[in-house]
Amino acid sequence: MVVLAVDTSTNVCTAALMKDRGPAHEISVEVRSGHSGRLLPVIDTLFGLSPFSKEDVGLITVGVGPGSFTGIRIAIATARGLSLALGCPLVGANTLDALAWGALPSALPIMPVIDARKSEVFCRLYAPDGNPLTSPMNLRPGNLGEIVSDETLFIGNGVELYREVLSRTLGTRFQEGPEHLWYPRASVLGRMALLQVSRGEYRPAQPLYVRPSDAALALERMKPGEQR
């Protein structure tokens, strides 16, 4: 089965094509001004560089977050459109899970931290074997001391942003992972999707926001008579 995997939950646009357990063809590029208009050209380039055609694709998987609300919506909308056009199933993948899987095997518990803006991170604690120990969370970096009790591998783009506060708060419990583990890789999402399907699992491609969007919060604050 040929799998197309995409993720734009962070400031990296990543896409991959792979067949079963064969080698992955992958493109990951940093995007500074939003993913709109970037993902489809990356996918087209990927098909041009790989031996696969769009007709070969039998499964599509997409990172559903948490992460950038706009990035999540762009990736899911693109993946849904391709799923309909190509007539193949679509499954969702947790972006935090993909980061943790990308760090395996690990001798330490794993804590991916994704920039959530507002001086916060999206995070989830994993055992060294990759099994989740908590639900996805939205926290201030300084509060991670309440969650992390042991020496832990920190990965994700939140590491660079909050290195100082994490080191100060956690001391030796904070072990910084290498930069190549800071961003999700579409090839990892693809492997996760293949495993899901082999187990008969088809997780829906629904956004995982963890916290309400600014638009939703603004709507909640409006008085009933002010809503349009």
Side-chain angles (χ1 to χ4, degrees), residues 1-31 35 38-65 67 71-72 74-76 78-108 110 112 114 126-132 153 155-157 159 177-203 205:
M1 178 184 292
V2 175
V3 181
L4 170 63
V6 297
D7 186 284
T8 58
S9 299
T10 70
N11 56 315
V12 165
C13 175
T14 180
L17 282 164
M18 66 197 71
K19 184 175 182 180
D20 300 323
R21 294 183 178 273
H25 303 264
E26 184 173 32
I27 297 175
S28 295
V29 294
E30 185 176 8
V31 176
H35 293 282
R38 302 292 182 91
L39 181 55
L40 282 175
V42 167
I43 293 172
D44 286 339
T45 301
L46 185 63
F47 275 108
L49 296 174
S50 77
F52 307 119
S53 68
K54 292 178 181 178
E55 290 71 25
D56 295 326
V57 176
L59 176 69
I60 298 175
T61 184
V62 59
V64 298
I72 292 167
I74 288 170
I76 291 177
T78 301
R80 285 175 176 168
L82 289 171
S83 173
L84 289 171
L86 301 177
C88 60
L90 171 65
V91 297
N94 183 309
T95 303
L96 291 168
D97 290 353
L99 280 167
W101 274 47
L104 297 178
S106 175
L108 300 174
I110 306 166
I114 293 176
Y126 297 81
D129 62 3
N131 284 319
L153 180 69
I155 56 176
N157 62 2
V159 170
E179 290 184 28
H180 70 272
L181 298 179
W182 289 1
Y183 298 97
R185 294 185 57 184
S187 57
V188 176
L189 271 72
R191 306 293 183 201
M192 291 168 60
L194 285 168
L195 181 60
Q196 282 187 46
V197 172
S198 71
R199 294 174 174 175
E201 302 172 4
Y202 288 83
R203 297 178 185 173

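Contact check for L104 versus Y126: no side-chain heavy atoms found under the 4.5 Å cut-off. The side-chain heavy atoms of S28 and Y183, taken from C-beta on, include no pair separated by under 4.5 Å. Side-chain contact between L17 and V57: present, with at least one pair of heavy atoms (C-beta onward) separated by less than 4.5 Å. Looking at heavy atoms from C-beta onward, N11 lies out of side-chain contact with V31 at the 4.5 angstrom threshold. No side-chain heavy atom of V6 sits under 4.5 Å from any side-chain heavy atom of T78. Counting heavy atoms from C-beta on, the side chains of H180 and R185 never come closer than 4.5 Å.
Listed here is the closest heavy atom pair of L99 and G156: CD1-CA, 4.5 Å. Scanning all heavy atoms of the two residues, the minimum distance from H25 to S50 falls at CG-CB, 3.8 Å. For L153 against G177, the heavy-atom pair with the smallest separation is CD1-CA, 3.5 Å. Closest non-hydrogen pair, T61 versus A193, comes out as CB-CB, 3.6 Å. Taking every heavy atom of both residues into account, M18 and G22 meet most closely at CB-O, 4.5 Å. Between G190 and A5, the closest heavy-atom pair is N-CB, 3.8 Å.
With values rounded to the nearest 0.5 angstrom, L82 atom CG is found 8.0 Å from L39 atom CG. Taking CD1 from I74 and CG from D7, the interatomic distance works out to 12.0 Å, rounded to the nearest 0.5 Å. Within the model, atoms CD1 of I43 and CG of L4 stand 5.5 Å from one another, a figure rounded to the nearest 0.5 Å. Atom CG of N94 is separated from atom CZ of R203 by 8.0 Å, given to the nearest 0.5 angstrom. With values rounded to the nearest 0.5 angstrom, L40 atom CG is found 10.5 Å from T45 atom OG1. Taking CD1 of I76 as the reference point, atom OG of S9 lies at 7.5 Å (rounded to 0.5 Å).
Of the possible donor and acceptor atoms, none in the side chain of R191 sits under 3.5 Å from a partner among the backbone N and O of A186. Between the side chain of R80 and the backbone N or O of A205 there is at least one donor-acceptor pair closer than 3.5 Å.
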Is there a side-chain contact (heavy atoms from CB on, under 4.5 Å) between T95 and I114 once you walk through the steps?
CA-CA 9 Å; T95 303; I114 293 176; 3.9 Å; yes

Apply side-chain contact (heavy atoms from CB on, under 4.5 Å) to the pair V188 and D97, showing each step before the final yes or no.
CA-CA 9 Å; V188 176; D97 290 353; over 6 Å; no

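A side-chain contact (heavy atoms from CB on, under 4.5 Å) with V91 is found for one member of L189, L59, V3, I60 and no other, namely L59.
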